[in-house]
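All remarks here apply to the structure that follows.
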Amino acid sequence: MRDVAIVGVGLTRFGERWNSGLKELMAEAGLAALEDASVSSRDVEMLYGGTMASGKFVGQEHTAALMADQLGFSNIPAVRIENACASGGSALRQGYIAVASGIHDVVVVGGVEKMTDVTASEATTALGGAGDQEWELFQGITFPGLYALIAKRHMFEYGTTEEQMASVAVKNHENACKNQFAQFRKSLTVDEVMRSKVVSDPLKLLDCSPISDGAAAVVLAPLETAKKYNDTPIKIMASAQASDTLRLADREKLTELKATKLAAQNAYKQAKVTAKDIDVVEVHDCFTIAEILAMEDLGIYQKGKAAKAIADGETALNGKVSVNTSGGLKGCGHPVGATGVKQAAEIVWQLRGEAKDRQVKDAEIGMTHNVGGSGATAVVHIYKRAD
Ligand SMILES: CC(C)(COP(=O)(O)OP(=O)(O)OC[C@H]1O[C@@H](n2cnc3c(N)ncnc32)[C@H](O)[C@@H]1OP(=O)(O)O)[C@@H](O)C(=O)NCCC(=O)NCCS
């Protein structure tokens with residue numbers, strides 16, 4: 001196995017991108033990543049593209065070949081990775097494996113989704129494909145509904161409050177205000193979250209990540225030659241993934257995502273670090289309760305302790321650990337296929353010291369956590385600056 005580094009990253013602004021189609025979004029992010037890495041399209045040997053439901057959102061399948069075409073990669077192998085909202089993180093892991101194995105040297109990993117061309121109801125149906133159609137979605141539950149069940153149980157078992165959940169959204173919007181790529185550059189108060197309309201009790205509109213358009217891309221290369229492309233390569237210290245039951249009803253516990261726990265344990269082992277060593281982390285906050293679960297299942301807080309810590313400001317920018325400095329899915333936006341790749345781009349900027357107003361002081365070790373559906377897939381990566 002070879003060490004692998006990220007040598008280039010690129011992002012589009014997330015949000016309602018009505019003047020850009022799927023192709024333009026792919027090109028915008030991909031070309032930015034190639035430029036960042038000083039890599040010519042002729043050097044790229046393989047592309048993995050994360051997209052969750054482009055067929056339902058814009059009628060377009062076969063998105064990896066389209067991405068390669070848009071970026072001028074002539075005839076290289078291109079593979080689409082679909083793993084619900086973890087499509088981007090899973091694509092990154094496939095790219096990592098391709099370089100680590102020695103099969104390919106320069107690999108581009110992209111992620112894209114264009115979600116705002118359909119109605120909210122059509123988007124809800126498309127996103128519902130990440131759950132068990134027969135046993136969950138046909139029975140009438142939606143994704144906000146599934147996470148609301150998790151939230152209710154967490155409140156019952158650990159006394160978590162709606163105000164504590166709201167504080168996740170407040171923190172993430174605060175960070176998003178400092179991110180030029182974010183969908184919502186608007187701060188919120190706990191009171192505003194509490195007064196927003198109920199989507200699925202106890203989750204309110206401002207507890208939810210939005211419907212978004214956007215794309216992200218990273219360029220991977222073997223660590224030994226990474227400096228050829230970038231003066232500050234970021235080493236991927238660990239790449240881990242785990243699965244769990246698609247149906248919530250089959251889970252041992254509603255208050256944890258076992259796939260996150262397993263992927264995190266494996267990642268810490270690979271990287272030879274513990275949760276305490278992580279300075280900055282992008283976690284999958286598709287709903288505010290999901291960030292609370294993530295902080296616990298990643299081992300950063302004990303079960304039942306994260307909500308209070310977040311409300312007390314421990315995970316704010318330059319807090320005890322800085323969480324979702326990009327604004328997370330809540331504030332930065334959640335174009336589902338792009339999210340896992342965007343998380344990696346944010347951590348790369350943090351570890352390079354290029355995160356501007358949202359820079360975490362002395363950030364050395366970063367982590368990303370990307371979840372598919374209600375937790376049937378979890379992908380965890382750990383990174384550090386290569387010296
Ligand atoms: C929460 C949700 C239902 C809101 O959709 P909606 O009711 O159709 O909302 P609208 O599009 O009518 O937007 C109403 C306003 O709220 C804003 N808004 C919408 N969703 C928002 C969100 N999640 N956070 C903050 N503001 C939001 C809109 O910008 C709009 O503001 P404006 O009036 O100033 O233009 C939708 O964003 C949603 O389904 N989110 C969850 C997505 C999801 O499940 N992802 C997968 C996770 S696993």
Side-chain angles (χ1 to χ4, degrees), residues 14-18 50-53 56-57 82-89 111 113-132 136-137 141-151 165-166 168-177 182-189 192-214 244 246 248 257 259-260 283-291 293-294 324 327-340 343 369-379:
F14 283 9
E16 297 184 16
R17 296 288 308 265
W18 289 338
T51 317
M52 176 186 163
K56 289 187 178 130
F57 287 122
E82 188 280 299
N83 238 354
C85 307
S87 298
E113 212 76 56
K114 176 139 184 77
M115 302 166 74
T116 67
D117 283 357
V118 297
T119 62
S121 148
E122 288 166 329
T124 302
T125 304
L127 292 166
D132 186 314
E136 294 180 329
L137 286 308
I141 200 156
T142 60
F143 260 87
L146 290 169
Y147 275 91
L149 290 174
I150 294 174
M165 288 192 265
V168 173
V170 171
K171 169 184 70 68
N172 290 349
H173 271 243
E174 203 56 47
N175 291 344
C177 288
Q183 182 160 354
F184 297 120
R185 302 189 70 182
K186 175 178 178 290
S187 53
L188 291 177
T189 63
E192 280 173 296
V193 181
M194 294 297 290
R195 283 192 283 109
S196 61
K197 70 180 174 186
V198 174
V199 173
S200 183
D201 180 50
L203 300 178
K204 295 166 260 319
L205 180 110
L206 295 175
D207 283 296
C208 303
S209 59
I211 305 295
S212 317
D213 303 329
D244 198 0
L246 229 66
L248 272 191
L257 299 191
T260 294
V283 304
H284 198 95
D285 58 320
C286 49
F287 300 95
T288 51
I289 185 64
E291 179 160 324
L293 251 55
N324 280 335
L329 284 54
K330 174 69 204 80
C332 188
H334 184 26
V336 283
T339 284
Q343 293 176 322
H369 162 252
N370 189 201
V371 171
S374 63
T377 298
V379 192

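Both ligands and their constituent atoms are indexed starting at 1 by order of listing.
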Do the side chain of Asn324 and the main chain of Val283 share a donor and acceptor less than 3.5 angstrom apart?
yes
Could you check whether atom 42 (C) of ligand 1 has a protein contact, counting only heavy atoms that fall below 4.0 angstrom?
yes
Between Leu206, Asp285, Val199, flag the one that comes closest to atom 25 (C) of ligand 1 by a heavy atom.
Leu206
Test your reading of the structure: does Lys197 have an N or O sitting under 3.5 Å from an N or O of ligand 1?
yes
Starting from atom 29 (O) of ligand 1, find the nearest protein heavy-atom neighbour and note its residue, name and distance.
Phe184 CE2, 4.0 Å
Any nitrogen or oxygen of Lys330 lying under 3.5 Å from a nitrogen or oxygen in ligand 1? Just yes or no.
yes
Correct closest heavy-atom pair for Ala126 and Ala53 would be CB-CB, 4.5 Å
Kindly state if atom 1 (C) of ligand 1 has a protein heavy atom within a strict 4.0 Å cut-off, that is, under 4.0 Å?
yes
At their closest point, which heavy atom of Lys114 faces which heavy atom of Phe57, and how far apart are they?
O-CB, 3.1 Å
Report the residue from Lys186, Lys330, Arg185 that forms a side chain to side chain donor-acceptor pair (under 3.5 Å) with His173.
Lys330
Close-contact set for ligand 1 against Phe287 heavy atoms, below 4.0 Å:
44 (O), 47 (C)
List the steps and the verdict of side chain to side chain contact (heavy atoms under 4.5 Å, CB included) for Leu149 and Ile141.
CA-CA 10 Å; Leu149 290 174; Ile141 200 156; 3.7 Å; yes
Nearest protein heavy atom to atom 22 (C) of ligand 1: under 4.0 Å?
yes
Are any non-hydrogen protein atoms located under 4.0 Å from atom 8 (O) of ligand 1?
yes
Can you list the steps and then say if Asp207 with Val199 is a side chain to side chain contact (heavy atoms under 4.5 Å, CB included)?
CA-CA 9 Å; Asp207 283 296; Val199 173; over 6 Å; no
Residue Cys208 vicinity, atoms of ligand 1 by number, heavy atom under 4.0 Å
1 (C), 22 (C), 23 (N), 24 (N)
Students should be able to answer this: which protein heavy-atom is nearest to atom 36 (C) of ligand 1, and at what distance?
Ile211 CG1, 4.0 Å
Between Glu291 and Lys171 (salt bridge meaning N to carboxylate O under 4.0 Å), is one present in this structure?
yes
Atom 16 (O) of ligand 1 protein-contacted, heavy-atom criterion under 4.0 angstrom:
yes
In terms of relative ring orientation, are His284 and His369 parallel, tilted or perpendicular, with 30° and 60° separating the classes?
perpendicular
Please indicate, with yes or no, if any protein heavy atom is found under 4.0 Å from atom 12 (O) of ligand 1?
no
Mind checking whether Asp244 and Leu257 have side chains closer than 4.5 Å, heavy atoms only?
no
For atom 40 (N) of ligand 1, the option (of Pro210, Ser209, Gly145) bearing the nearest heavy atom:
Ser209
Protein heavy atoms near atom 31 (O) of ligand 1, is at least one of them under 4.0 angstrom away?
no
Identify the heavy atoms of Met115 and His334 that sit nearest to each other, and give their distance.
SD-O, 3.4 Å
What do we get for Cys85 next to ligand 1 when only non-hydrogen atoms under 4.0 Å count, side chain, backbone, both or neither?
side chain
Hey, looking at atom 19 (C) of ligand 1, which of Val193, Leu205, Leu127 has the closest heavy atom?
Leu205
Side-chain donor-acceptor pair present, Glu122, Thr125, cut-off under 3.5 Å:
no
For Ala120, atoms of ligand 1 separated by under 4.0 Å from a heavy atom:
8 (O)
Short check: is a protein heavy atom less than 4.0 Å from atom 45 (N) of ligand 1?
yes
Which atom names give the shortest non-hydrogen contact between Ser196 and Lys204, and what distance separates them?
OG-CB, 3.3 Å
